There are 2 protein chains.
Amino acid sequence: MTPMSLRFAILTALSEKESTGSELARRFDRSFAYFWSTTHQQIYRELDQLERAGWVLKAEDPAQESRGRPRTFSITERGTQELCRWLASEPELPRVRDVVGVRLRAAAVLGDPEAVRPLLTEQLERHRARLAEYERIEQRDFATEPDVRTALQHLVLRSGMTTESGGIQWCEEALRRLDRLAEADSAADRPVTPSSG
Amino acid sequence: MTPMSLRFAILTALSEKESTGSELARRFDRSFAYFWSTTHQQIYRELDQLERAGWVLKAEDPAQESRGRPRTFSITERGTQELCRWLASEPELPRVRDVVGVRLRAAAVLGDPEAVRPLLTEQLERHRARLAEYERIEQRDFATEPDVRTALQHLVLRSGMTTESGGIQWCEEALRRLDRLAEADSAADRPVTPSSG
DNA sequence: CTTCTCATGTAATGAGTTACATGATTTG
DNA sequence: CAAATCATGTAACTCATTACATGAGAAG
């Protein structure tokens, strides 16, 4: 249950700076990417809905009338009000969606632990890469925090960093566990141990 | 991009034990809940599709013909093959979806850090409650691990525990940060500090 | 028989993805 | 102008949620 979040992410982005659709898409790819992903199609659709609702306004530039031309949008007073209202509203509880969990459980029922080893290795690499990227961003953008805005944006990044650290930690634990299972398994193949035989 | 995962979660559940739709719904609420959430509507729809595809089989019980009667499903040989194939396939990269991140960013642009304090407090409580629940389950179900299957299921639980621990850690950091921001803010209201005035 | 509950199912809608199409601008 | 690229948009489809409806069995 995470409905509407894209809408408010767009309003937030437009609060920071008025933009065209493709600028928004690029901004989402960059600075929003570590907590929300989307596509340009979704952005255009949402912008149309937001404009119809009067939450955003299309710039009245006569040069921006035909199809291929960029259209600049800005947030309206009404849009800002709605953003505030949403921010003060009860948070929706996000649905749990852990594909790695599903795969592990499948491997469990199929009795094939080694089936998930490539997955875990790849996952570990991905987490490490992302953490490294976030650390780079942190050093570059948050060495000092002159204002409240920067401090809160830093917290969002820190959230991503915590997530990735946890992912790394768990992948390492899981891989160690797989190793021990493999060892126990090969030991079972030759049941005479060095100490007892 | 997490399509199809529900399908394979259902196949996994049916591999463990044949079930009716509502039994599946209950099992998802219980043991699958910490890595995948869904509804009975989705389950019934998916079961129909899976049966049409020949991946699951409806029990041929003549007592199970009309609407309100439970229908028992089991996985077919074909279904098991497809589950294996999926398990060996490239993992899809899950999309990032962090609603708390969106709210924080919104609070940042609105310059209102205190707007997220209730959210963070609630979130912290939720993480703590879930972690406690997981620890309870761990003690109850994974005190010893006689087989591979149990060990892998334990790993899934450990993943959830790592996630919740990270969430707790981050919420605490974020709340401390809010406290310091509030303090700096009130200090700005009376710019004469004890040492200089 | 009425009421309650359970299991199953329908309908409507919203959210999200993929593939593709078209107008405008730039570059050679 | 031809080709490439960019910005915008359409269409079709899948995934997911919400609200509601209906048949069956149990309890009174």
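Remember, it's a predicted structure, so these values are computed and weren't measured experimentally.
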Counting heavy atoms from C-beta on, name the nucleotide in [options] closest to the side chain of [X].
X: A/Tyr44; options: C/dG9, D/dG9, C/dA7; answer: D/dG9
X: A/Gln42; options: C/dT17, C/dT25, D/dG25; answer: C/dT17
X: B/Met4; options: C/dA19, D/dT18, D/dT14; answer: D/dT14

Has [X] got a side-chain N or O lying under 4.0 Å from the OP1 or OP2 atom of [N]?
X: B/Arg95; N: C/dT17; value: yes
X: B/Arg69; N: C/dC6; value: no
X: A/Ser22; N: D/dC6; value: no
X: B/Arg71; N: C/dG9; value: yes

Would you mind reading off the distance between [X] atom [atom1] and [N] atom [atom2], rounded to a whole angstrom?
X: B/Glu46; N: C/dG9; atom1: CD; atom2: P; value: 14 Å
X: A/Phe28; N: C/dT17; atom1: CZ; atom2: P; value: 13 Å
X: A/Arg97; N: D/dC15; atom1: CZ; atom2: C1'; value: 9 Å
X: B/Glu51; N: C/dG9; atom1: CD; atom2: P; value: 10 Å
X: A/Asp29; N: D/dA7; atom1: CG; atom2: P; value: 12 Å
X: B/Leu6; N: C/dG16; atom1: CG; atom2: P; value: 17 Å
X: A/Leu47; N: D/dT8; atom1: CG; atom2: P; value: 9 Å
X: B/His40; N: D/dT18; atom1: NE2; atom2: P; value: 11 Å

Please determine if B/Arg97 forms a cation-pi arrangement with A/Trp36, meaning its NZ or CZ atom is less than 6.0 Å from the six-membered ring centre and no more than 45° off the ring axis.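 Yes, cation above the ring, under 6.0 Å and within 45°.
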Earlier contact from the 5' end, DNA chain C, for A/Arg7 and B/Gly21: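 Going by which nucleotide is closer to the 5' end, it is B/Gly21.
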Would a distance-only check, ignoring hydrogens and angles, find a side-chain to backbone donor-acceptor pair under 3.5 Å from [X] to [Y]?
X: B/Thr76; Y: B/Leu57; answer: no
X: B/Ser19; Y: B/Lys17; answer: yes
X: A/Trp170; Y: B/Leu155; answer: yes

Does A/Glu23 come within less than 4.0 Å of A/Arg27, counting only side-chain N to carboxylate O?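 Result for this pair is no, no salt bridge flagged.
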Decide yes or no, distance alone: a donor-acceptor N/O pair under 3.5 angstrom between the base of C/dG14 and the side-chain of A/Arg45.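 It does not, because no donor-acceptor pair links the side chain of A/Arg45 to the base of C/dG14 below 3.5 Å.
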